[in-house]
Novice: 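First the structure, which I've put down as structure tokens, then a few questions once you've had a look.
Letters go in sequence order (proteins before strands), and every chain restarts at 1. Atom set for the values below is all heavy atoms of this structure, side chains included, hydrogens, waters and symmetry mates excluded.
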Amino acid sequence: MAKELTPRSENYSQWYQDLVIKADLAENSAVRGCMVIKPYGYAIWEKMQAELDRMFKETGHVNAYFPLFIPKSFFSKEAAHVEGFAKECAVVTHYRLKNDEESKEIVVDPDAKLEEELIVRPTSETIIWNTYRNWIQSHRDLPLLINQWANVVRWEMRTRLFLRTAEFLWQEGHTAHATKQEAIDETIKIINVYAEFAENFMAMPVIKGLKSENERFAGAIDTYTIEALMQDGKALQSGTSHFLGQNFAKAFDVKFTNKEGREEYVWATSWGVSTRLMGALVMAHSDDNGLVLPPKLAPIQVVIVPIYKKMEQLGVISEKVDTIVAELKAKGISVKFDDSDNKKPGWKFAEYEMKGVPVRLAMGPRDLENGTVEVARRDTLSKEIVPLEGISEYIERLLEEIQQGIFNKALDFRTKNITKVDTWNEFKETLNKKGGFIWAHWDGTSETEEKIKAETKATIRCLPLDNEQEEGACVYSGKPSKQRVLFGLAY
RNA sequence: CGGGGUAUAGCACAGUCCGGUUAGUGUACCUGCUUUGGGAGCAGGGGGUCGCAGGUUCAAAUCCUGCUACCCCGACCA
């Protein structure tokens, strides 16, 4: 056995760790908290990027790029923002190294101290709004709809591959609008884009909602989120979209002249998803045999493994396979024919299962005789013998079925793990024994939320957007409540 | 940042307590033959600054000090 995973039931976080490494997605690097994203993992990220980028452009956004470094003074202009990020910023203080004459080692040159220290961006609001000041004068310059693909650094105490790393890749959208309503609409438009992407491409059901004050982005008026439920019953915030009001416009003095000729501050939004989505993707679908990828994000959608005794047999199989490959490619399906002779079929089966390839075809002497091929599904681990006639249409349909199937499975899991709770005892018991989302009344105060967190570690994941209003009593304080909110343990 | 653990061949580990031949096993790799429908078998072979830097000693993977990285549990956070 070359590779085996720790079973999920035994140690979920070890399983995750094993899987990320054994499926060749990423590994830890020589730099604390920073990972190396390996080609197979990066290929999945590229597929995510391509689709998200398409969706952003479809909704009128354009890409640009802003600097990695932010002058310290910019950073401190928005009070809530500084407070939120100050504790996890990497700071550049010098710009040169030199050879130390005594120790013969490379040291920081004390003469090369920067006049003003630079922050490595943990997010780019400040540098971007400082720039927008020069770009915006008139209502005719609005809206400004810009996205950037970038890396950011947040100096985390404790890191986990993809889920929380000191450096990560993401996109951050930063938009400027003439009216409050337009900015709010933008914020909601984007959270809908994120939800659509998560559900249609990642096959991961999400709940759209509003963050409570405690969980809000530093500097935002409102934070919208998509929350997903992982297989261990913990919630994962998978994307956020912020309505920033005029906070950054005021901090950076970004004004425009409206149609009536009066000066006003602009209204802002920002929004992002990161390589954390990779972690979400892994934990949403995979099993004890390895990764399970939704076809729409799988770098290889179909792998074909030949089974043969003699080289002549491989030749005959290859001819048949070449036809299948051509047909699948013509349909836009990515396919790999693994005819390498240094690995046995059984080894290949296990390997492609570990890597989550959605469909595997195996063709051997029996298939040659019967005009068939063996088709195996990664998601259900089922196999069947299928006639070669019409195989590409069959696989095309199967890929759609798998995409839908893993979404349904995840949705079913989530539905079973949302528990409606009305008493504090029930709340604690559900959290301990079952996990998942707890749907309970809350009195709307930060004080109660903090007490609940202190006692149980559970936080309010969100106030769902399509929430029905319902009078009730807060599960903790007993005070009146207008609606239920979702609680849960979070990553 | 606090508590605990780990670091020896590409990978997974033993050896460390109690210092002493040439540092070992599995797997992977190379060669050959037999194999090939779920991680093949036999035979032969190559591969090691024992995490890094100091120290103790006739002698250090082993003892001492410092450093670094990773894992687990907390605190913090996306």
Novice: Using the test salt bridge (charged side-chain N to carboxylate O under 4.0 Å, His left out), find all partners of K428(A) that sit at least two apart in sequence or belong to another chain.
Specialist: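 With sequence neighbours excluded, K428(A) shows a salt bridge (charged side-chain N to carboxylate O under 4.0 Å, His left out) to no residue whatsoever.
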Novice: Which parts of residues 151-169 of chain A get close to RNA chain B, meaning a heavy atom less than 4.0 angstrom away?
Specialist: R154(A), E156(A), M157(A), R158(A), L163(A), R164(A), T165(A), F168(A)
Novice: Near RNA chain B, counting only heavy atoms under 4.0 Å, which residues of residues 300-308 of chain A show up?
Specialist: I307(A), Y308(A)
Novice: Please tell me which of S13(A) and R276(A) maps to the more 5' nucleotide of RNA chain B, matching each residue to the nucleotide holding its nearest heavy atom.
Specialist: S13(A)
Novice: In whole angstrom, give me the gap between the C1' atoms of rU21(B) and rA61(B).
Specialist: 16 Å
Novice: Within the pair T240(A) and rA78(B), is there a side-chain N or O less than 4.0 Å away from OP1 or OP2?
Specialist: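 Checking T240(A) against rA78(B): no side-chain N or O falls below 4.0 Å of OP1 or OP2.
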Novice: Quickly work out the F349(A) CZ to rG37(B) C1' distance and round it to whole Å.
Specialist: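 Nearest whole value for this atom pair: 6 Å.
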Novice: For E449(A), is there an ion pair with K453(A) - N to carboxylate O distance below 4.0 angstrom?
Specialist: no
Novice: Please give the nucleotide sitting opposite rU49(B) as a Watson-Crick or G-U wobble pair, both distances under 3.5 Å, or none.
Specialist: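 Across all strands, not a single nucleotide pairs with rU49(B).
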Novice: Heavy atoms within less than 4.0 Å of RNA chain B: which residues of residues 359-371 of chain A have one? Give them sorted by number.
Specialist: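 When residues 359-371 of chain A is checked for heavy atoms under 4.0 Å from RNA chain B, the hits, listed by number, are R360(A), A362(A), G364(A), P365(A), R366(A), D367(A).
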Novice: Between rU6(B) and rC13(B), how far is it from one P atom to the other, in whole Å?
Specialist: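 Roughly 12 Å separates the two P atoms.
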Novice: Given rC71(B), rA40(B), rA75(B), identify the nucleotide with an atom nearest to the side chain of N28(A).
Specialist: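 For the N28(A) side chain, the nearest candidate turns out to be rC71(B).
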Novice: Which heavy atom in V386(A) sits nearest to a heavy atom in I391(A), and how many Å separate them?
Specialist: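 Heavy atoms of V386(A) and I391(A) come nearest at CG1-CD1, 3.8 Å.
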Novice: Rounded to whole Å, please give me the gap between CD in E27(A) and C1' in rC70(B).
Specialist: 12 Å
Novice: Sticking with atom C1', work out how far rA14(B) lies from rG26(B), rounded to a whole angstrom.
Specialist: 10 Å
Novice: Tell me the ring-ring contact (aromatic ring centres under 6.0 Å, His included) pairs involving residues 205-226 of chain A, sequence neighbours left out?
Specialist: H81(A)-F217(A), F85(A)-F217(A), F217(A)-H242(A)
Novice: Evaluate the ring planes of F248(A) and F252(A), with Trp represented by its six-membered ring, and classify them as parallel (under 30°), tilted (30 to 60°) or perpendicular (over 60°).
Specialist: parallel
Novice: Which salt bridge (Lys or Arg N to Asp or Glu O under 4.0 Å) pairs, counting each pair once, include a residue from residues 359-370 of chain A, with sequence neighbours left out?
Specialist: E353(A)-R360(A)
Novice: Contact class for K348(A) (heavy atom, under 4.0 Å): base, sugar-phosphate, or nothing?
Specialist: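 The residue K348(A) makes no contact with any strand.
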Novice: Return the set of residues passing side chain to side chain donor-acceptor pair (under 3.5 Å) with K457(A) (not counting sequence neighbours), or none when no residue passes.
Specialist: none
Novice: Using atom CH2 of W347(A) as one end and atom C1' of rG37(B) as the other, report the distance to the nearest whole Å.
Specialist: 18 Å
Novice: Separation of D18(A) atom CG from rA12(B) atom P, in whole Å?
Specialist: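 Value for this atom pair: 10 Å.
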Novice: Closer than 4.0 Å, any side-chain N/O of Q17(A) to the OP1 or OP2 of rC71(B)?
Specialist: yes
Novice: Go through rU35(B), rC71(B), rA69(B) for me and flag the one nearest to the Q14(A) side chain.
Specialist: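 Side chain of Q14(A) sits closest to rC71(B).
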Novice: E27(A): what forms a salt bridge (charged side-chain N to carboxylate O under 4.0 Å, His left out) with it, not counting sequence neighbours?
Specialist: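 Only K38(A) meet the salt bridge (charged side-chain N to carboxylate O under 4.0 Å, His left out) criterion with E27(A).
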Novice: Under 6.0 Å between ring centres, would you say that holds for W45(A) and F162(A)?
Specialist: no
Novice: From the set rC70(B), rG39(B), rU35(B), return the single nucleotide nearest to any side-chain atom of A350(A).
Specialist: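 Between rC70(B), rG39(B), rU35(B), the one nearest the side chain of A350(A) would be rG39(B).
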Novice: Take K47(A) and E51(A) through the test salt bridge (Lys or Arg N to Asp or Glu O under 4.0 Å) and record every step on the way to the result.
Specialist: CA-CA 6 Å; K47(A) 293 207 118 185; E51(A) 180 55 25; over 6 Å; no
Novice: Checking all strands, does G279(A) fall into the base, sugar-phosphate, or nothing category for heavy-atom contacts under 4.0 angstrom?
Specialist: nothing
Novice: With both distances under 3.5 angstrom, what nucleotide forms a Watson-Crick or G-U wobble pair with rC1(B)?
Specialist: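 Its partner is rG74(B).
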Novice: What is the distance, to the nearest angstrom, from the CG atom on N342(A) to the P atom on rG39(B)?
Specialist: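 From N342(A) CG to rG39(B) P: 17 Å.
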Novice: In Watson-Crick or G-U wobble terms, both distances under 3.5 Å, what is the partner of rA14(B)?
Specialist: none
Novice: Scan nucleotides 3-7 of chain B against the protein and return all N/O pairs shorter than 3.5 Å with their distances rounded to 0.1 Å.
Specialist:
none

Novice: Heavy atoms only, 4.0 Å cut-off, all strands: where does E353(A) land among base, sugar-phosphate and nothing?
Specialist: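 Base, at least one base atom sits under 4.0 Å.
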Novice: Sequence neighbours left out, what pairs pass salt bridge (Lys or Arg N to Asp or Glu O under 4.0 Å) with at least one residue falling in residues 221-230 of chain A?
Specialist: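 Every pair satisfying salt bridge (Lys or Arg N to Asp or Glu O under 4.0 Å) with a residue in residues 221-230 of chain A: K211(A)-E227(A), E227(A)-R461(A).
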Novice: The criterion is side chain to side chain donor-acceptor pair (under 3.5 Å); which residues satisfy it with Y394(A), sequence neighbours excluded?
Specialist: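 E384(A).
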Novice: What does K383(A) touch in the nucleic acid at a heavy-atom separation under 4.0 angstrom: a base, only the sugar-phosphate, or nothing?
Specialist: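 The residue K383(A) makes base contact.
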Novice: With C1' as the reference atom in both, quote the distance from rA40(B) to rA28(B) in angstrom, rounded to an integer.
Specialist: 15 Å
Novice: Specify the separation, in whole Å, of atom NZ of K453(A) and atom C1' of rG74(B).
Specialist: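 That distance rounds to 13 Å.
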Novice: Let me see the working for Y12(A) and K234(A) under side chain to side chain donor-acceptor pair (under 3.5 Å), right down to the final yes or no.
Specialist: CA-CA 11 Å; Y12(A) 191 83; K234(A) 284 167 85 174; over 6 Å; no
Novice: By nearest nucleotide on RNA chain B, pick out whichever of A218(A) and E374(A) is the more 5' one.
Specialist: E374(A)
Novice: Once the angle between the rings of Y132(A) and W129(A) is folded into 0 to 90°, is it parallel (under 30°), tilted (30 to 60°) or perpendicular (over 60°)?
Specialist: perpendicular
Novice: Within the structure shown, what part of the strands sits under 4.0 Å from S238(A) by heavy-atom distance: base, sugar-phosphate, or nothing?
Specialist: nothing
Novice: Between R154(A) (side chain only) and A166(A) (backbone N and O only), is there a donor and an acceptor less than 3.5 Å apart?
Specialist: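 Flag not set: sc R154(A) to bb A166(A) has no pair under 3.5 Å.
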Novice: Distance check: side-chain N/O of K343(A) vs OP1/OP2 of rC29(B), anything under 4.0 Å?
Specialist: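 Checking K343(A) against rC29(B): at least one side-chain N or O falls below 4.0 Å of OP1 or OP2.
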Novice: Can you give each donor-acceptor pair under 3.5 Å made by side-chain atoms of residues 282-290 of chain A, sequence neighbours left out, with the distance rounded to 0.1 Å?
Specialist:
unit_1  : atom_1 : unit_2  : atom_2 : d
H285(A) : NE2    : M202(A) : O      : 2.7
H285(A) : NE2    : A203(A) : O      : 3.4
S286(A) : OG     : V282(A) : O      : 2.9
S286(A) : OG     : V292(A) : N      : 3.1
D287(A) : OD1    : N289(A) : N      : 2.8
D287(A) : OD1    : G290(A) : N      : 3.2
D287(A) : OD1    : R378(A) : NH2    : 2.7
D287(A) : OD2    : R378(A) : NH1    : 3.0
D288(A) : OD1    : R8(A)   : N      : 2.9
D288(A) : OD1    : R8(A)   : NE     : 3.0

Novice: Rounding to a whole Å, what distance do you find between I317(A):CD1 and rU36(B):P?
Specialist: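 Those two atoms, CD1 and P, are 13 Å apart.
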Novice: Checking base pairs now: Watson-Crick or wobble, both atom distances under 3.5 Å. What partners rU62(B)?
Specialist: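 WC or wobble partner does not exist here.
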Novice: For rU31(B), what is the paired nucleotide under Watson-Crick or G-U wobble rules, both distances under 3.5 Å?
Specialist: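 Pairing partner: rA43(B).
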Novice: Rounded to whole angstrom units, what separation is found between the CZ atom of R377(A) and the C1' atom of rG38(B)?
Specialist: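 Going from CZ in R377(A) over to C1' in rG38(B) covers 19 Å.
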